[in-house]
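When a ligand or atom number is given, it counts from 1 through the structure's own listing order.
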Amino acid sequence: EKKGIIFDLDGVLVFTDQYHYLAWKQLADELGVYFDEKINNRLRGVSRMDSLEIILERYQGEPLNQVQKSELAEKKNEIYRNMLQQMRPANVSAEVRSCLKELRRRGFRLAIGSSSKNAKLILEKVDLLGAFQAISDGTNINQSKPSPEVFLKAAEFLRLEPEECYVVEDAKVGIDAAKAGGMIGIGIGDAATYEKADMKVNSFSEILSVI
Ligand code: BG6
Ligand code: MG
């Protein structure tokens with residue numbers, strides 16, 4: 001029997017995936033690198049530095065060293081964090097809020113499992129910090145998805161076994177991570193068409209009828 005649900009943040013609870021896209025797009029334009037929504041889908045769930053490597057696959061300039069790469073990642077993060085300043089509680093839909101409430105009412109323990117180092121800032125801005133019993137994010141992991149690390153930590157923080165948890169994800173690598181960790185992966189958004197997802201939902205509230 002399942003007792004916990006671990007939610008990815010970007011692209012599942014909030015649409016910060018659009019801000020990630022716009023911030024990377026700005027950096028890519030400055031570097032003269034082609035970037036579009038399809039490439040952006042490959043960045044879902046992937047750490048900041050790994051995302052930069054994907055952007056740089058199309059970079060034609062002089063080879064960049066680690067210091068320069070860190071500076072580029074830092075620059076993207078500054079653009080992104082400026083965008084995050086606009087976030088308000090209204091950026092979380094009534095559907096998401098009531099669904100989380102219903103899941104808590106049904107007795108599920110809820111956690112965040114996000115690759116982002118900005119997760120707590122976002123949760124605070126949209127007033128969702130209190131909705132979760134545990135937060136596992138980019139600040140407590142060494143390997144990003146598809147490694148199951150972030151979800152295994154979330155289960156541990158909830159004091160549950162991985163097998164007792166569902167994971168809700170919009171990233172294909174996130175579904176891979178959930179399965180690698182022995183959890184049930186529920187695909188939403190970009191992952192709603194992923195053949196490896198154990199379950200697929202077309203809207204957030206549909207979670208209530210599949211679990
Ligand atoms: C994930 C996003 O949640 O966090 C990725 O899906 C992002 O696109 C990753 O790269 C890391 O985010 P941050 O905020 O630490 O740069
Ligand atoms: Mg995501």
Side-chain angles (χ1 to χ4, degrees), residues 5-28 35-57 69-87 91-93 96 111-126 128 132 135-151 153-154 166-179 181 183 185-194 196-197 200-201 203-204 207:
I5 312 176
I6 304 167
F7 293 89
D8 173 51
L9 176 63
D10 298 315
V12 171
L13 298 170
V14 284
F15 296 104
T16 41
D17 49 334
Q18 266 307 308
Y19 294 152
H20 276 295
Y21 170 72
L22 292 170
W24 282 123
K25 176 78 179 140
Q26 198 169 315
L27 191 84
F35 182 60
D36 62 16
E37 295 267 3
K38 193 164 171 239
I39 302 167
N40 187 59
N41 282 336
R42 291 177 56 208
L43 310 184
R44 292 179 191 278
V46 174
S47 73
R48 197 180 305 160
M49 287 308 283
D50 290 349
S51 298
L52 177 67
E53 292 296 341
I54 293 172
I55 304 275
L56 292 176
E57 285 171 5
K69 285 181 184 176
S70 297
E71 283 169 3
L72 289 173
E74 185 50 41
K75 190 168 182 183
K76 179 267 174 179
N77 194 47
E78 270 172 37
I79 301 168
Y80 176 62
R81 283 179 71 100
N82 274 330
M83 292 174 173
L84 291 182
Q85 293 310 317
Q86 321 161 30
M87 295 210 78
N91 290 108
V92 173
S93 67
V96 166
I112 291 290
S114 165
S115 307
S116 175
K117 292 185 170 150
N118 294 301
K120 288 200 181 99
L121 169 71
I122 296 165
L123 290 167
E124 196 182 323
K125 287 230 154 254
V126 301
L128 267 186
F132 300 92
I135 295 168
S136 174
D137 64 20
T139 64
N140 63 255
I141 54 169
N142 296 310
Q143 287 164 307
S144 83
K145 301 165 190 175
S147 160
E149 189 181 7
V150 75
F151 296 140
K153 285 268 163 58
Y166 291 106
V167 166
V168 183
E169 259 291 351
D170 71 311
K172 290 175 182 157
V173 288
I175 294 290
D176 293 341
K179 301 192 73 169
M183 305 166 198
I186 304 177
I188 190 168
D190 193 53
T193 52
Y194 189 35
K196 291 193 190 156
K200 296 164 189 171
V201 294
S203 69
F204 200 86
I207 295 169

J.: Which option wins on minimum heavy-atom distance to atom 1 (C) of ligand 1: Asp8, Asp10, Asn118?
T.: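 Considering heavy atoms of Asp8, Asp10, Asn118, the nearest to atom 1 (C) of ligand 1 sits in Asp10.
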
J.: Would Lys75 and Glu71 pass as an ion pair if we require N to O under 4.0 Å?
T.: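 No, Lys75 and Glu71 are not salt-bridged.
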
J.: Does the side chain of Phe35 reach to within under 4.5 Å of the side chain of Leu27, using non-hydrogen atoms?
T.: no

J.: List every atom of ligand 1 that sits less than 4.0 Å from any heavy atom of Ser51, numbering the atoms from 1 in the order shown and giving each element.
T.: 10 (O)

J.: Pair Arg44, Asp8 - check salt bridge (charged side-chain N to carboxylate O under 4.0 Å, His left out), show working.
T.: CA-CA 10 Å; Arg44 292 179 191 278; Asp8 173 51; over 6 Å; no

J.: In terms of residue, atom name and distance, what is the protein heavy atom nearest to atom 13 (P) of ligand 1?
T.: Ser116 OG, 3.5 Å

J.: Note the single closest protein heavy atom to atom 9 (C) of ligand 1, along with its residue, its atom name and the distance in Å.
T.: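 It is Val46 O, 3.2 Å.
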
J.: Return the OG to NZ distance between Ser114 and Lys145, rounded to the nearest 0.5 Å.
T.: 5.5 Å

J.: How does Lys117 reach ligand 1, if at all, at less than 4.0 Å between non-hydrogen atoms: by side chain, backbone, both, or neither?
T.: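 The answer is both.
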
J.: Which of the atoms in ligand 1, numbered in the order shown and given with their element, are less than 4.0 Å from a heavy-atom of Arg44?
T.: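 The atoms of ligand 1 under 4.0 Å from a heavy atom of Arg44 are 6 (O).
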
J.: How far is atom 6 (O) of ligand 1 from the closest protein heavy atom, and which atom is that?
T.: Gly45 N, 2.8 Å

J.: Tell me which N, O or S atom from Asp170 is the closest to the Mg ion (ligand 2).
T.: OD1

J.: May I ask you to decide if the ring planes of Tyr80 and His20 are parallel, tilted or perpendicular, using 30° and 60° as cut-offs?
T.: parallel

J.: Of all the N, O or S atoms in Asp10, which has the shortest distance to the Mg ion (ligand 2)?
T.: O

J.: Hey, does Gly138 sit under 4.0 Å from ligand 1 if you only count heavy atoms?
T.: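 Heavy atoms of Gly138 never come under 4.0 Å of ligand 1.
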
J.: Can you tell me how far the NZ atom of Lys25 sits from the CD1 atom of Ile79, to the nearest 0.5 Å?
T.: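 The NZ atom of Lys25 sits 12.5 Å away from the CD1 atom of Ile79.
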
J.: Closest to the Mg ion (ligand 2), which N/O/S atom of Asp8 is it?
T.: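 Looking only at N, O and S atoms of Asp8, the one nearest the Mg ion (ligand 2) is named OD2.
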
J.: Among all the protein's non-hydrogen atoms, which is closest to atom 16 (O) of ligand 1, and how far away is it?
T.: Arg48 NE, 2.7 Å

J.: Tell me the nearest of Thr16, Asp17, Leu43 to atom 8 (O) of ligand 1, using heavy-atom distances.
T.: Leu43

